[in-house]
Enquirer: 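Have a look at the structure that comes next, please.
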Amino acid sequence: QVQLVESGGGSVQAGGSLRLSCAASGYISSGYCMAWFRQAPGKEREGLASINSFGGTTYADSVKGRFTISQDGGKNTMYLQLNSLTPNDTAMYYCAAVSRLCGFAAMRKPGTYNYWGQGTQVTVSS
């Protein structure tokens with residue numbers, strides 16, 4: 001089993017920044033994929049950024065150049081740096097993991113992942 005706990009959400013004004021963290025515990029295989037998703041009320045869950053055990057990353061076009069995914073293997077922690085935030089970025093942000101490698105095409109699809117955190121709220125005001 002893998003447990004994921006997100007933190008770092010909050011309320012910011014447009015143009016501001018936040019850094020989200022996802023702390024992972026439990027058994028994670030040497031080959032894995034992890035990702036950040038978000039879901040706003042009435043909208044589908046959107047894959048934002050993903051990273052695998054080789055350090056390969058993918059980004060959604062909506063956040064490319066503004067958000068940066070990274071990981072600290074020694075701390076079993078994944079991060080998402082959010083810059084140039086807009087009100088459209090307001091949502092619940094979730095981290096997800098799967099203990100196997102996944103192809104780039106699958107890295108930002110919700111069905112790829114079987115471990116999810118509880119989410120952290122990000123609210124951006126204009």
Side-chain angles (χ1 to χ4, degrees):
Q1 285 289 337
V2 175
Q3 293 78 43
L4 303 173
V5 179
E6 302 97 334
S7 61
S11 296
V12 297
Q13 290 191 327
S17 298
L18 286 171
R19 189 193 195 202
L20 307 184
S21 298
C22 173
S25 60
Y27 175 73
I28 301 177
S29 67
S30 57
Y32 62 84
C33 289
M34 297 184 73
W36 286 97
F37 291 80
R38 69 184 177 191
Q39 189 165 20
K43 295 188 177 181
E44 293 186 354
R45 190 163 293 193
E46 177 188 12
L48 302 175
S50 57
I51 191 166
N52 63 25
S53 49
F54 293 109
T57 59
T58 69
Y59 291 91
D61 288 342
S62 58
V63 304
K64 197 173 296 183
R66 298 191 301 125
F67 293 5
T68 303
I69 191 170
S70 61
Q71 61 187 351
D72 183 336
K75 296 181 179 179
N76 287 342
T77 303
M78 178 178 65
Y79 305 96
L80 188 68
Q81 178 68 40
L82 288 64
N83 296 329
S84 302
L85 287 162
T86 75
N88 287 336
D89 295 315
T90 295
M92 186 71 78
Y93 284 67
Y94 300 90
C95 66
V98 60
S99 283
R100 59 173 174 81
L101 284 174
C102 49
F104 276 99
M107 285 176 70
R108 285 186 286 107
K109 294 183 178 180
T112 297
Y113 299 91
N114 53 358
Y115 298 110
W116 291 84
Q118 294 300 305
T120 186
Q121 178 68 37
V122 172
T123 303
V124 185
S125 58
S126 58

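Computed from a predicted structure; not experimentally measured.
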Enquirer: Taking only residues two or more places apart in sequence or in another chain, which ones pass side chain to side chain contact (heavy atoms under 4.5 Å, CB included) with Ser25?
Expert: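 Scan of Ser25 (side chain to side chain contact (heavy atoms under 4.5 Å, CB included), adjacent residues dropped) gives Gln3.
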Enquirer: If you round to the nearest 0.5 Å, how far is CZ of Phe54 from OG of Ser30?
Expert: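 That separation rounds to 8.0 Å.
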Enquirer: For residues Met92 and Tyr79: do they belong to one hydrophobic cluster (side chain heavy atoms under 4.5 Å, members Ile, Leu, Val, Met, Phe, Trp, Tyr)?
Expert: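 Different clusters.
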Enquirer: Can you get from Leu48 to Met78 by hopping between Ile, Leu, Val, Met, Phe, Trp and Tyr side chains that sit under 4.5 Å apart?
Expert: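 Result: yes, single cluster for both.
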Enquirer: Mind checking side-chain hydrogen bond (donor to acceptor under 3.5 Å, both in side chains) for Asn114 and listing every partner two or more places apart, or none if nothing turns up?
Expert: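 Scan of Asn114 (side-chain hydrogen bond (donor to acceptor under 3.5 Å, both in side chains), adjacent residues dropped) gives none.
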Enquirer: Write down the atom of Ala14, the atom of Ser126, and the distance for their closest heavy-atom approach.
Expert: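 Looking at all heavy atoms of both residues, the closest pair is CB-CA, 4.3 Å.
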Enquirer: Using the salt bridge (Lys or Arg N to Asp or Glu O under 4.0 Å) rule, collect all pairs that involve residues 7-30, keeping only residues at least two apart or in two chains.
Expert: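 Found none.
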Enquirer: Give the minimum heavy-atom separation between Ala106 and Thr112, together with the two atoms involved.
Expert: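 Heavy atoms of Ala106 and Thr112 come nearest at O-OG1, 2.7 Å.
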Enquirer: Counting distance only, does the side-chain N/O of Glu6 pair as donor-acceptor with the main-chain N or O of Cys95 below 3.5 Å?
Expert: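 Pair found, side chain donor or acceptor close to backbone of Cys95.
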Enquirer: Partners of Thr58 by side chain to side chain contact (heavy atoms under 4.5 Å, CB included), sequence neighbours excluded?
Expert: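 For Thr58, the residues satisfying side chain to side chain contact (heavy atoms under 4.5 Å, CB included) (neighbours in sequence not counted) are Ser50, Phe104, Met107, Arg108.
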Enquirer: Using the side-chain hydrogen bond (donor to acceptor under 3.5 Å, both in side chains) criterion, which residues pair with Thr57? Sequence neighbours excluded.
Expert: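 Thr57 satisfies side-chain hydrogen bond (donor to acceptor under 3.5 Å, both in side chains) with no other residue.
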Enquirer: Find the distance between CG (Leu18) and OG (Ser11) and round it off to the nearest 0.5 Å.
Expert: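 Those atoms lie 8.5 Å apart.
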Enquirer: Just by modelled atom types, is the Val5 backbone N or O under 3.5 Å from a matching donor or acceptor in the Gln118 side chain?
Expert: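 No, Gln118 side chain to Val5 backbone: no donor-acceptor pair under 3.5 Å.
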Enquirer: Taking only residues two or more places apart in sequence or in another chain, which ones pass side chain to side chain contact (heavy atoms under 4.5 Å, CB included) with Glu44?
Expert: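 For Glu44, no residue satisfies side chain to side chain contact (heavy atoms under 4.5 Å, CB included) once neighbours in sequence are set aside.
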Enquirer: Indicate yes or no: at least one non-hydrogen side-chain atom of Leu20 is less than 4.5 angstrom from one of Val122.
Expert: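 Yes - at least one pair of side-chain heavy atoms lies under 4.5 Å apart.
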Enquirer: By side-chain hydrogen bond (donor to acceptor under 3.5 Å, both in side chains), which residues pair with Tyr93, not counting sequence neighbours?
Expert: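 Tyr93: side-chain hydrogen bond (donor to acceptor under 3.5 Å, both in side chains) contacts with Arg38.
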Enquirer: What's the verdict on side chain to side chain contact (heavy atoms under 4.5 Å, CB included) for Met34 and Tyr115, showing C-alpha distance, side-chain angles and the deciding distance?
Expert: CA-CA 9 Å; Met34 297 184 73; Tyr115 298 110; over 6 Å; no
Enquirer: State which residues pass side chain to side chain contact (heavy atoms under 4.5 Å, CB included) with Arg45; sequence neighbours excluded, sorted by chain then number.
Expert: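 In terms of side chain to side chain contact (heavy atoms under 4.5 Å, CB included), with neighbours along the sequence ignored, Arg45 is linked to Phe37, Gln39, Tyr94, Trp116.
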Enquirer: Under 4.5 Å between side-chain heavy atoms, counting indirect links through other Ile/Leu/Val/Met/Phe/Trp/Tyr residues: same cluster for Leu80 and Ile51 or not?
Expert: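 Yes; Ile51 is reachable from Leu80 via cluster members.
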Enquirer: Under the disulfide (SG to SG under 2.5 Å) rule, what pairs show up with a residue in residues 33-71, not counting sequence neighbours?
Expert: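 Of all non-adjacent pairs touching residues 33-71, those that pass disulfide (SG to SG under 2.5 Å) are Cys33-Cys102.
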Enquirer: To the nearest 0.5 Å, how far apart are CZ in Arg100 and OG in Ser29?
Expert: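 One gets 9.5 Å once the value is rounded to the nearest 0.5 Å.
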Enquirer: Spell out, as yes or no, whether a donor-acceptor pair under 3.5 Å connects the side chain of Thr120 to the backbone of Ser7.
Expert: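 It does not hold such a pair.
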Enquirer: In this structure, would Leu85 and Trp36 fall into the same cluster of hydrophobic residues linked by side-chain contacts under 4.5 Å?
Expert: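 Linked, Leu85 and Trp36 end up in one cluster.
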Enquirer: Side chains of residues 63-71: which donor-acceptor pairs under 3.5 Å do they make with residues two or more places apart or in other chains?
Expert:
unit_1, atom_1, unit_2, atom_2, d
Lys64, NZ, Asp61, OD1, 3.3
Arg66, NH1, Ser84, O, 3.0
Arg66, NH1, Asp89, OD2, 2.8
Arg66, NH2, Ser62, O, 3.1
Arg66, NH2, Asp89, OD1, 3.0
Gln71, OE1, Tyr32, OH, 2.8
Gln71, NE2, Asn52, O, 3.3

